[in-house]
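Data first, discussion second: the structure below is written as structure tokens.
We name chains A, B, ... by the order of the sequence lines, and we start the count at 1 in each one. Only this structure's heavy atoms are used, side chains among them; waters, hydrogens and symmetry mates stay out.
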Amino acid sequence: MRKPDGVRMEIPKENPRSLIIDVVRRIPAGRVATYGQVAALAGIRGHARQVGYAMHGLPAGTDVPWHRVVNARGEISSRSSGCGGEEQRRRLEREGVKFDAAERIDLARYRWRARPVPWE
DNA sequence: TGCTTGACATAAT
DNA sequence: CATTATGCCAAGC
């Protein structure tokens with residue numbers, strides 16, 4: 001078989017990265033979601049790393065509430081670019097999310113439930 | 001073209 | 001509950 005044109009778009013619309021961002025946008029204020037949860041909602045369960053990678057590719061001043069995405073420990077993931085997570089923590093506190101002495105969030109209480117029914 | 005790193009998760013200890 | 005080890009996929013070099 002031979003290749004079609006060879007001309008390919010670098011940024012397909014159905015890019016998984018965009019899908020991840022779309023899910024993050026659905027996170028309500030005052031709630032936090034884990035990377036794994038976002039990945040699962042994006043249809044890529046188990047690919048939590050790609051979620052974090054997508055966040056890293058987000059531009060400054062994006063409309064995506066990336067600050068509502070935390071790791072499974074309920075803490076802000078440290079990134080390679082030194083510090084900066086302080087901004088994320090400040091944004092979450094501003095939305096009513098409380099941090100404990102270990103700078104962690106009580107996921108049992110603030111974890112976003114993307115369920116059709118709230119509970120029960 | 002192939003190896004290494006990475007804003008993680010889950011299971012085991 | 002904390003730490004360690006392994007797996008996952010994609011982007012960077």
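Protein atom NE2 of A/His56 is 17 Å distant from nucleotide atom C1' of C/dC9, rounded to whole Å. Summarising the geometry, the separation between CZ on A/Arg73 and P on B/dA7 is reported as 14 Å, rounded to the nearest angstrom. Between the CZ atom of A/Arg91 and the P atom of B/dA7 there is a distance of 19 Å, rounded to whole Å. Protein atom CD1 of A/Ile105 is 16 Å distant from nucleotide atom P of C/dC1, rounded to whole Å. One atom, CG of A/Leu58, and another, C1' of B/dG6, lie 15 Å apart when rounded to the nearest Å. Rounded to whole angstrom, the span from the CD atom of A/Glu75 across to the C1' atom of B/dA9 amounts to 15 Å. In this entry the distance linking CD1 of A/Ile76 with P of B/dC8 reads 12 Å, nearest Å. Residue A/Leu107 contributes atom CG, which lies 13 Å from atom C1' of B/dA9 at whole-angstrom precision.
Separation of atoms OG1 (A/Thr34) and CD1 (A/Ile105) is listed at 11.0 Å; rounding is to 0.5 Å. To the nearest 0.5 Å, the span separating CD1 on A/Ile27 from CH2 on A/Trp112 amounts to 5.5 Å. The CD1 atom of A/Ile76 lies 10.5 Å from the CD atom of A/Glu87; values are rounded to the nearest 0.5 Å.
Between A/Met55 and A/Ile20, some side-chain heavy-atom pair lies under the 4.5 Å cut-off. Contact of the A/Arg26 side chain with the A/Leu41 side chain is not registered, since no non-hydrogen atoms from C-beta on lie closer than 4.5 Å.
For A/Met55, the side-chain atoms get nearest to B/dA7 when compared with the rest of B/dC8, B/dA7, C/dA11. In this structure, of C/dT4, B/dA9, C/dA11, it is C/dA11 that holds the atom nearest to the side chain of A/Tyr53. Nearest nucleotide to the side chain of A/His47, out of B/dA9, C/dC9, B/dA7: C/dC9.
Heavy-atom distances under 4.0 Å link DNA chain B to A/Thr34, A/Tyr35, A/Gly36 of residues 29-40 of chain A, given in residue order.
Judged by distance alone, the side chain of A/Gln37 and the main-chain N or O of A/Arg111 form no donor-acceptor pair under 3.5 Å. Remark: the backbone N or O of A/Val69 is paired with a side-chain donor or acceptor of A/Gln88 at under 3.5 angstrom.
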Review item, nucleotides 11-13 of chain B N/O atoms under 3.5 Å of protein N/O:
none

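At the heavy-atom level, A/Arg104 lies under 4.0 Å from the strands shown only through sugar-phosphate atoms.
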Problem set entry | Stepwise side chain to side chain contact (heavy atoms under 4.5 Å, CB included) check, A/Tyr53 with A/His47 | CA-CA 10 Å; A/Tyr53 226 71; A/His47 304 168; over 6 Å; no

Could you go through residues 92-100 of chain A and list every donor-acceptor pair under 3.5 Å that involves a side-chain atom there, pairing it with any protein atom two or more places apart or in another chain?
{"from": "A/Glu95", "atom 1": "OE1", "to": "A/Gly30", "atom 2": "N", "distance (Å)": "3.1"}
{"from": "A/Glu95", "atom 1": "OE1", "to": "A/Arg68", "atom 2": "NE", "distance (Å)": "3.0"}
{"from": "A/Glu95", "atom 1": "OE2", "to": "A/His67", "atom 2": "NE2", "distance (Å)": "3.2"}
{"from": "A/Glu95", "atom 1": "OE2", "to": "A/Arg68", "atom 2": "NE", "distance (Å)": "3.3"}
{"from": "A/Glu95", "atom 1": "OE2", "to": "A/Arg68", "atom 2": "NH2", "distance (Å)": "2.7"}
{"from": "A/Asp100", "atom 1": "OD1", "to": "A/Ala102", "atom 2": "N", "distance (Å)": "3.3"}
{"from": "A/Asp100", "atom 1": "OD1", "to": "A/Glu103", "atom 2": "N", "distance (Å)": "3.0"}
{"from": "A/Asp100", "atom 1": "OD1", "to": "A/Arg104", "atom 2": "N", "distance (Å)": "2.4"}

